[in-house]
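Please read through the structure below; I'll follow up with questions.
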Amino acid sequence: MKQKQPKDLIGIQIRRQYFNIPIFIFLSVLLLAFETVTFVPLFESNFSFNKWLDDIFASVFTLSILIIPCVILSVLNRFFFGKIICVLNEEGIYYTDGLIKWDDILGIRYHITFLGRTHFQPACVDIACKKATIQIKSAPLYMLSVAKKYNPDINIKKDRMIWILVASVIVIPIIASAVV
């Protein structure tokens, strides 16, 4: 019997997201600009609210021109185009090698993208089943909320690296502003 193609299955199609990293980079640069414009004058004791407001407006306007096309393309990517990684429906999770039924799933763990010195690992989910652990690569984070919708009792864990990355994006510019 021939296996069905992911686009032919009924359910929520989880697609590979191509625009999340550029959006994250633009938001990180926006946060960096906000923190620099705020903390450098504060540490130098020459903070002016009107100048600060003008600088914030200019930063937000400039980066919004760059980020809005990526956000629009990301939304379109989620629903209309891009490689289908898996399909979730009432039966379970369909992926390239078959079906994982909801009854067989013990838990799902999300791993964030990792860029090492020698290799790049895309974001992935490890699905712990009763007999084995199955890894689905290039899975976006919103797959976890879709899985929770179909099976509320499922155990979901996120990688701590997400919080380390967010904390470093927030804290490093503040420390850099204090040093300058």
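Values below: all heavy atoms of this structure, side chains included; hydrogens, waters and symmetry mates excluded.
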Quiz item: Is there a donor-acceptor contact under 3.5 Å linking the side chains of Q17 and R15?
Solution: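 Checked: Q17/R15 side chains show no N/O donor-acceptor pair below 3.5 Å.
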
Practice problem: Evaluate the side-chain proximity of V71 to I23: yes if any heavy-atom separation is below 4.5 Å, no if none is. | Solution: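 Yes - at least one pair of side-chain heavy atoms lies under 4.5 Å apart.
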
Practice problem: Output the distance between atom NE2 (H111) and atom SG (C124), rounded to the nearest 0.5 Å. | Solution: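 Here the interatomic distance stands at 5.0 Å.
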
Quiz item: Can you find a pair of side-chain heavy atoms, one from N20 and one from S74, that are under 4.5 Å apart?
Solution: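 Counting from C-beta outward, N20 and S74 do come under 4.5 Å.
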
Quiz item: So, do R109 and V125 sit near enough that their side-chain heavy atoms are less than 4.5 Å apart?
Solution: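 No. Closest side-chain heavy atoms not under 4.5 Å.
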
Exercise. Return the minimal non-hydrogen interatomic distance between Y94 and E91, and the atom names on each side.
Key: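 Between these two residues, the closest heavy atoms are OH-OE1, 2.6 Å.
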
Quiz item: Nearest heavy-atom pair of S28 and V169: which atoms, and what distance?
Solution: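 Residues S28 and V169, closest heavy atoms: OG-CG1, 3.8 Å.
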
Practice problem: Work out which heavy atom in I100 is nearest to a heavy atom in C129; give both atom names and the distance. | Solution: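 Between these two residues, the closest heavy atoms are CG2-SG, 3.6 Å.
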
Under 3.5 Å, sequence neighbours excluded: what are the donor-acceptor pairs made by side chains of residues 52-65?
unit_1, atom_1, unit_2, atom_2, d
W52, NE1, T38, OG1, 2.8
D55, OD2, K51, NZ, 3.1
S59, OG, D55, O, 2.9
T62, OG1, A58, O, 2.8
S64, OG, V60, O, 3.0
S64, OG, F61, O, 2.9

Exercise. Give the cluster check for I112 versus F24: same hydrophobic cluster or not, with ILVMFWY residues linked at side-chain heavy-atom distances below 4.5 Å.
Key: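 Yes; tracing contacts between hydrophobic side chains, which count when under 4.5 Å, links both residues.
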
Practice problem: Decide yes or no on side chain to side chain contact (heavy atoms under 4.5 Å, CB included) for I72 and F19, but give the supporting numbers first. | Solution: CA-CA 9 Å; I72 291 169; F19 300 97; over 6 Å; no

Exercise. Report, as yes or no, whether the 6.0 Å neighbourhood of atom NZ on K157 holds more than 12 heavy atoms from other residues, nucleotides or ligands.
Key: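 No, the 6.0 Å shell around NZ holds no more than 12 heavy atoms from other groups.
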
Quiz prompt | For L106 against N155, the heavy-atom pair lying closest together | solution =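 Residues L106 and N155, closest heavy atoms: O-CB, 3.7 Å.
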
Quiz item: Looking at side-chain heavy atoms only, is the closest gap between Y95 and K137 below 4.5 Å?
Solution: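 Sidechains of K137 and Y95: no contact.
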
Quiz prompt | Residue pair I154 / W102: nearest heavy atoms and the distance that separates them | solution =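 Shortest heavy-atom separation between I154 and W102 comes out as CD1-CZ3, 4.1 Å.
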
Quiz item: Would you say D126 and Y110 make side-chain contact, with heavy atoms under 4.5 Å?
Solution: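 No - every pair of side-chain heavy atoms lies 4.5 Å or more apart.
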
Practice problem: Measure from the side-chain N and O atoms of N89 to the backbone N and O of I12, and report whether any donor-acceptor pair falls under 3.5 Å. | Solution: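 No; judged by distance alone, with no hydrogens or angles, the pair does not exist.
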
Practice problem: Taking side-chain contact (heavy atoms from CB on, under 4.5 Å) as the test, write out the residues that go with D103, two or more places apart. | Solution: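 Per chain and number, D103 pairs via side-chain contact (heavy atoms from CB on, under 4.5 Å) with no residue.
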
Quiz item: Looking at CG of L88 and CD1 of I14, how far apart are the two atoms once the value is rounded to the nearest 0.5 Å?
Solution: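 Rounded to the nearest 0.5 Å, the CG-CD1 separation comes to 5.5 Å.
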
Practice problem: Answer whether the closest heavy-atom distance between the side chains of K101 and D104 falls below 4.5 Å. | Solution: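 SC-SC contact between K101 and D104 confirmed.
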
Quiz item: Hey, mind stepping through M143 and I93 against side chain to side chain contact (heavy atoms under 4.5 Å, CB included) and telling me if it holds?
Solution: CA-CA 10 Å; M143 180 183 166; I93 301 173; 4.2 Å; yes

Quiz item: Are any of the side-chain heavy atoms of K130 and I105 separated by less than 4.5 Å?
Solution: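 No - every pair of side-chain heavy atoms lies 4.5 Å or more apart.
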
Can you give me every donor-acceptor pair (side chain of residues 159-166, partner residue at least two apart or in another chain, under 3.5 Å) with its distance?
none

Quiz item: Is any side-chain heavy atom of Y142 less than 4.5 Å from a side-chain heavy atom of L144?
Solution: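 Side chain of Y142 against side chain of L144, heavy atoms only: no contact under 4.5 Å found.
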
Quiz item: Which atom names give the shortest non-hydrogen contact between A147 and I108, and what distance separates them?
Solution: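 That closest heavy-atom pairing would be CB-CD1, 3.9 Å.
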
